[in-house]
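Structure record follows, encoded as structure tokens.
A, B, ... follow the sequence lines: proteins, then strands. Residue 1 opens every chain. Everything numeric here is computed off the predicted structure, so don't read it as measured data. Both backbone and side-chain heavy atoms feed into the values below; hydrogens, waters and symmetry mates do not.
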Amino acid sequence: MGSESNIKLLDESGMRLDGRTPEQLRPIKIETNLLERADGSAYIEWGGNKIMVAVYGPREAYPKHTQDIEKAVVKARYNMAAFSVDERKRPGPDRRSVEISKVISEALSSAIMVEQFPRAQIDVFIEVMQADAGTRIAGLTAASVAVASAGIPMRDMVVGCTAGKVEGKVVLDLSKEEDNFGQADLPIAVLSKSKKIVLIQMDGDLSLEEFDQASEMIMKATDNIAEIQRNALTSRYSVENIGDGE
Amino acid sequence: MGSESNIKLLDESGMRLDGRTPEQLRPIKIETNLLERADGSAYIEWGGNKIMVAVYGPREAYPKHTQDIEKAVVKARYNMAAFSVDERKRPGPDRRSVEISKVISEALSSAIMVEQFPRAQIDVFIEVMQADAGTRIAGLTAASVAVASAGIPMRDMVVGCTAGKVEGKVVLDLSKEEDNFGQADLPIAVLSKSKKIVLIQMDGDLSLEEFDQASEMIMKATDNIAEIQRNALTSRYSVENIGDGE
Amino acid sequence: MGSESNIKLLDESGMRLDGRTPEQLRPIKIETNLLERADGSAYIEWGGNKIMVAVYGPREAYPKHTQDIEKAVVKARYNMAAFSVDERKRPGPDRRSVEISKVISEALSSAIMVEQFPRAQIDVFIEVMQADAGTRIAGLTAASVAVASAGIPMRDMVVGCTAGKVEGKVVLDLSKEEDNFGQADLPIAVLSKSKKIVLIQMDGDLSLEEFDQASEMIMKATDNIAEIQRNALTSRYSVENIGDGE
Amino acid sequence: MPRDALGVLSEIKRSFITKQLKEGKRGDGRGLLDFREATITTNYVPRAAGSAMVKLGRTRVLAGVKIESGEPFPDTPNSGVLTTNVELLPMAFPTFEAGPPNETSIEIARVVDRGIRESKMIDTQKLVIEPGKKVWIVFVDINIMDFDGNLIDACTLAAVSALRSAFIPASKEGGKDMPLPVDQIPVSVTMVKIGDELVCDPDLEEEQLGSARVTVTTTEDGHIRAMQKGDTGNFTLEEIKKAIKISSDTGATLRKKYFS
Amino acid sequence: MPRDALGVLSEIKRSFITKQLKEGKRGDGRGLLDFREATITTNYVPRAAGSAMVKLGRTRVLAGVKIESGEPFPDTPNSGVLTTNVELLPMAFPTFEAGPPNETSIEIARVVDRGIRESKMIDTQKLVIEPGKKVWIVFVDINIMDFDGNLIDACTLAAVSALRSAFIPASKEGGKDMPLPVDQIPVSVTMVKIGDELVCDPDLEEEQLGSARVTVTTTEDGHIRAMQKGDTGNFTLEEIKKAIKISSDTGATLRKKYFS
Amino acid sequence: MPRDALGVLSEIKRSFITKQLKEGKRGDGRGLLDFREATITTNYVPRAAGSAMVKLGRTRVLAGVKIESGEPFPDTPNSGVLTTNVELLPMAFPTFEAGPPNETSIEIARVVDRGIRESKMIDTQKLVIEPGKKVWIVFVDINIMDFDGNLIDACTLAAVSALRSAFIPASKEGGKDMPLPVDQIPVSVTMVKIGDELVCDPDLEEEQLGSARVTVTTTEDGHIRAMQKGDTGNFTLEEIKKAIKISSDTGATLRKKYFS
């Protein structure tokens, strides 16, 4: 947060660099079941983010000592492709991706009926093919769809969005420049019906009032995003072409 | 393949830098059972290559999940000593040695009666003490002798040779300079009686005719090398002194 | 050993940089059971060394193949905190700490009644918070107290000291400067009653006479240090404040 | 946090603690929002540039700071570097194992780091020796030595205390040694939700009982600098707002108590 | 290739497929030498210097190219660097595990790399910025996303497509961005031997049935640039010669279809 | 040393060997203090800067020396670098596994290294090419190829022999190739205690029987340069002094036999 920059992120009328209003989302598109092998899968485009999620399971947890006798263990693995970011990233997990994998696993566990599958594990592989700010929330939002598409029982869908502070103003769904040069980043994910919060992180500088404003913006936005999730799960026809990106 | 060089690899009469004709092998010497602990072992000198091979097994495959209920698993490990090449090599496997270990394992599996030893593994440790071009074929050729010396039943011996292209001419058994500055490298290993191919790799540039010529050269050469293998397995007397390299 | 230096380590009257005589120990303080979770623990200050030791066990050895059916396995882990030395040390074991962990494990095995606990392991975690020469001996001396404080039966306590050579003179309990610029370093640990040697290492240059002199100095010193060990195990009152270092 | 570390709490104990909490009582007599007493010993390791041993109840962590010169990151040539690492020493708990950082220690380190970084506690632009070429690198290493819950707050306390006590060894680069310039003091406050209650500074048993965890780090101005939700439970937005308020209030108390 | 990945094919299925193949028929209606239809989407990842998503039947791989400036290798000071890496993502198959490259992914990467390198597709001597000091390093990263056999050919197709679409970001070094100069187009063709038949572009079931595998990579002139035999079976020399011929012919077809 | 490597020696064998030793007899006819015959073949690997294959009884190790130019350590700018590494090749013994150095190979390497370093065998100050910037780095790599006890002495013999045969490739740095300057010859002598006897140069069975192990490395002047006690048994101070005497005497014999 807060690297300095000469870029002007908001114009006089409060419009953003990419032409959005403060409360406007970037375009979002979700498709399901593009992958053949996985038990369920989802593909999301959210702004410039391109993320594929595959789900395997429930299957017996391995190694055995990781089994929980009361419920399934959800193991999300958030991974960035080497070419997904501006400078080539060495393959394999880094500290950031380990942390993100942890909070996503916990968030999904809130929504999946894990108690129905003792000793099992549910693997959720989140592959960021192109990163453009907000990948953890986009990945988690797609992961929820992928889990549903695998037929795994859930008490609710998980849906999220970020808000942040840019030049002193609270805005929704940070772009890459806003993420790099803004003053705060607040990703929140909720259960879509109950609005219970299953993921929240923040870094930057927010007053209480700013937090209230930002969190309300996110809550409103999740309704729209949940609608996109539902559509993706009900209409699966033109998947191939869209998913392949033209 | 194909680094450029000012070295003239062939003279006017087609003779090679080390005085060999195009179809001439470097000197080859094989000894068996120099090692005390191993179930079988072989030492090969092939040109400047000095390679020791030890075989352990068949023994129970470990860890258990690597066991094949129908046959023994052959695990070759090709390793270069730190001092075996011009610049010191860091100990441990690199990508090249992992690939070579894989193709050697597969080649040996073709020859060993693996179906007689379900759930077992046969370890073949190939240690390159000095490298001088053609180490994978020299190592595999010695490995076959080492497996035989361990009394492990084989349907046939594995024997190999390389050919390549140097200044536009096909030549047998590349030297180090020919390997570095030549235009193609073709290692082939066969079952010695049936001439079935169990290992083939190639990199460089070969026309179909050149391939035919190179592969025929190799096939002929394998007869001679197989003879050296057989001699090593039948006469084991003067082993110590020769193996120790004076 | 033996880096050159302009520092004068001994003055004309044979006194050392820190004012000690050749046979004088640095101040030593041992406290027990500062840690809540561990089965036993000890804290030692020895000169500028500050070392915490925790003991867990006997508990079932894991993984299973490390179990010894005749006795407990003692696994000491000597570790230096990143900030314990002049230049920040990368966390995790290095070759030096692996070797020290090995000789400390072997020394403690001599003293613990390991035959009473087949298939078990006893973990001894030695954490050097500040290093000031002689950490392995200080750590081992504290480890013995920690094992005893865990109620694990021992045939004898282990107690040690170092001696070395500085400007041609044998001196006891090397300081950091003496360790860096001296001519020999001889750490010895013994069973405190029988004086049997359970750890000895040396590097530098010692004549037989110098070895005799150094080893006798150490033997004498171990009586004093054993006394400090015993006091620590019998009086545990003012532990907290002292252990916390003011 | 190792929820299963101690095995499952007995059902009896679990319902007893929960019942007590409903009445506003905790096992050690604290109120729901009370922090355990902290003992902070700065300069515990004089050889480090700064250090602090912190006992928070029976949780014990040791933070050490090393400051060395080195190259800046290419994308921030005029800025020093701050790096935070947490080691869950195997001495701290029966099931902790030696090895590289795992997801638990990485999460703690990153939450502590964000609190310090985003509060602008250290002005990294003052850590430049030669612009673009040489800067001060501040290593904060935190060792967990004894574990009884709430590592994030214990580590933040230790890291902040160690940094406040730290000196830059500028004499090595031809300057004069000087205190590390620190500004804002971030304080993190972690709560767990047990039943419908928010409980501050949980000990290990309370962490095991909690369905969800949240950490809020604030500065003196009451602004939020870092947040982190953990565990598989959830919070309502109202609960989060309440947690922020608690953190801001408790943070002020702790700041006064330990950092004034 | 993970021969045992799916467990053992049922004996009935095995003999059925083998019998069909003797009659020249394959499960999906292809002839023995037919390739599956490939869908190639270049510039799938606009942020990369070049990229291509390739679906070959139900096998799906994504190749991305990054081009960065760096130091040349000491023994080739006047030459850029090409490096190829393959990741078998765990999403691609139930038994794939996350972790560093294993012998399977290393073999694929090295065979793909040799095909590109030996065909002189990229003239690395044109990738020099400052001789001996600074060159362009071309990273080709290939992610396996869905696995139904014949990864080597899918990866070669993807890598070649991504390289053909790649731009050198020369503006970062004071020049002008320009397409990566490519010359020859290598095409790899992989066959497995089932019974006595050579079968092109095997799907996973066919790979499991095959006793041996061979890959031949050729260029437009029909020359062989790379070969690799895999698996524990064997080939006669005649079969290898036949495989070379098939590869050369099929390569020409594919080159025309996808790269003209 | 892998005490359990061969499983437990049968009780009968164990008591037989112990009884024999009391009468001063060993399985292979040696006296208690006798070394096995060593065969040392220097320049076994001509491509290395120096090398030696050593057979000590049935133990076989191969040492190779590489000498390359590089940067000195910051704290010893005017000194070359010596580094010693031991690999327990899996070919050497049924239970040895491939992988990074473990505590056994690290201990051997460090004891061998200390013997060479502390005896001042190599004058590292003569290995400076350009003070503070470029020095010769001497890599000693020792591969264990066949294991029948007493690796430390076999490795010291091999390392010392390889170093004595080594050439500095100074022509690569504009100088003239020259022998590596060596001075003192360190000889290590390892003993195990079986019952109350000290037994020199133990084979594997004797190592398994021994309760404790001690290595003493001396130079021609009879001075001790390195010592290392191993294993879970113990020694009296008198036994250690006796071991030093034995090492000094045996060292003189070996030095004469192999290094004169």
Side-chain angles (χ1 to χ4, degrees), chain B residues 33-43 45 47-57 59-60 62-63 75-93 97-98 101 123-133 143 146 176 240-246, chain F residues 5-6 39-55 57-60 62-70 83 85-101 105 109 137-148 162 166 169 172 203-204:
Chain B
N33 290 323
L34 273 76
L35 299 181
E36 303 281 348
R37 289 288 168 201
D39 296 323
S41 64
Y43 168 78
E45 280 184 25
N49 291 307
K50 291 186 164 201
I51 301 171
M52 185 78 82
V53 184
V55 172
Y56 285 91
R59 52 186 180 181
E60 195 187 1
Y62 180 83
K75 290 191 187 165
R77 180 179 183 264
Y78 167 99
N79 187 53
M80 295 188 114
F83 43 77
S84 65
V85 282
D86 283 338
E87 279 211 36
R88 181 188 184 252
K89 204 198 141 293
R90 275 174 66 101
S97 68
V98 168
S101 296
D123 286 296
V124 180
F125 300 112
I126 300 170
E127 181 71 14
V128 178
M129 299 182 284
Q130 182 165 283
D132 190 43
K176 191 150 167 278
E240 285 301 279
N241 340 15
I242 303 176
D244 279 325
E246 297 93 339
Chain F
L6 277 180
T39 314
I40 302 177
T41 311
T42 49
N43 291 315
Y44 186 88
V45 180
R47 180 151 301 154
S51 61
M53 175 73 90
V54 167
K55 286 198 63 182
R58 311 201 298 176
T59 288
R60 181 194 285 259
L62 173 60
V65 174
K66 284 280 178 188
I67 303 180
E68 299 179 356
S69 63
T83 161
N85 184 54
V86 166
E87 297 281 316
L88 290 174
L89 296 183
M91 72 167 37
F93 202 72
T95 57
F96 288 0
E97 287 176 25
S105 60
I137 300 176
V138 179
F139 295 96
V140 181
D141 284 282
I142 311 172
N143 282 1
I144 312 298
M145 303 188 70
D146 217 351
F147 172 44
D148 190 25
K172 284 189 190 164
D203 64 18
L204 179 56

From [atom1] ([X]) to [atom2] ([Y]), nearest 0.5 Å:
X	Y	atom1	atom2	value
F:Met53	B:Met52	CE	CE	5.0 Å
F:Glu87	B:Asn79	CD	CG	7.5 Å
B:Arg77	F:Leu89	CZ	CG	7.0 Å
F:Ile67	B:Phe83	CD1	CZ	14.0 Å
B:Arg90	F:Phe139	CZ	CZ	10.0 Å
B:Tyr43	F:Met145	OH	CE	9.0 Å

Check each atom of [X] against the heavy atoms of chain F and say whether the ones under 4.5 Å are side chain, backbone, both or neither.
X	result
B:Lys75	neither
B:Ser41	neither
B:Val124	neither
B:Asp39	neither
B:Arg88	both

Main-chain N/O of [Y] paired to [X] side chain as donor or acceptor, under 3.5 Å:
X	Y	result
F:Asp146	B:Glu36	yes
F:Arg47	B:Gln130	no
F:Lys66	B:Asp86	yes

Name the option with the most non-hydrogen atom pairs under 4.5 Å to chain B; the candidates are F:Pro90, F:Ala48, F:Pro46, F:Ala49.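 That would be F:Pro90.
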For chain F, the option from B:Val85, B:Val53, B:Asp123 that forms the most heavy-atom pairs under 4.5 Å: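 Maximum pair count with chain F is reached by B:Val85.
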Do you know which two heavy atoms are closest between F:Met91 and B:Phe125, and how far apart they sit?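 Closest approach of F:Met91 to B:Phe125: CE-O, 3.5 Å.
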If every non-hydrogen atom of B:Met129 is compared with every non-hydrogen atom of F:Leu62, which pair is closest and at what distance?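 For B:Met129 versus F:Leu62, the nearest heavy atoms are SD-CD2, 3.4 Å.
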Given heavy-atom pairs under 4.5 angstrom as the criterion, report whether the side chain, backbone, both or neither of F:Asn43 touches chain B.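 Neither part.
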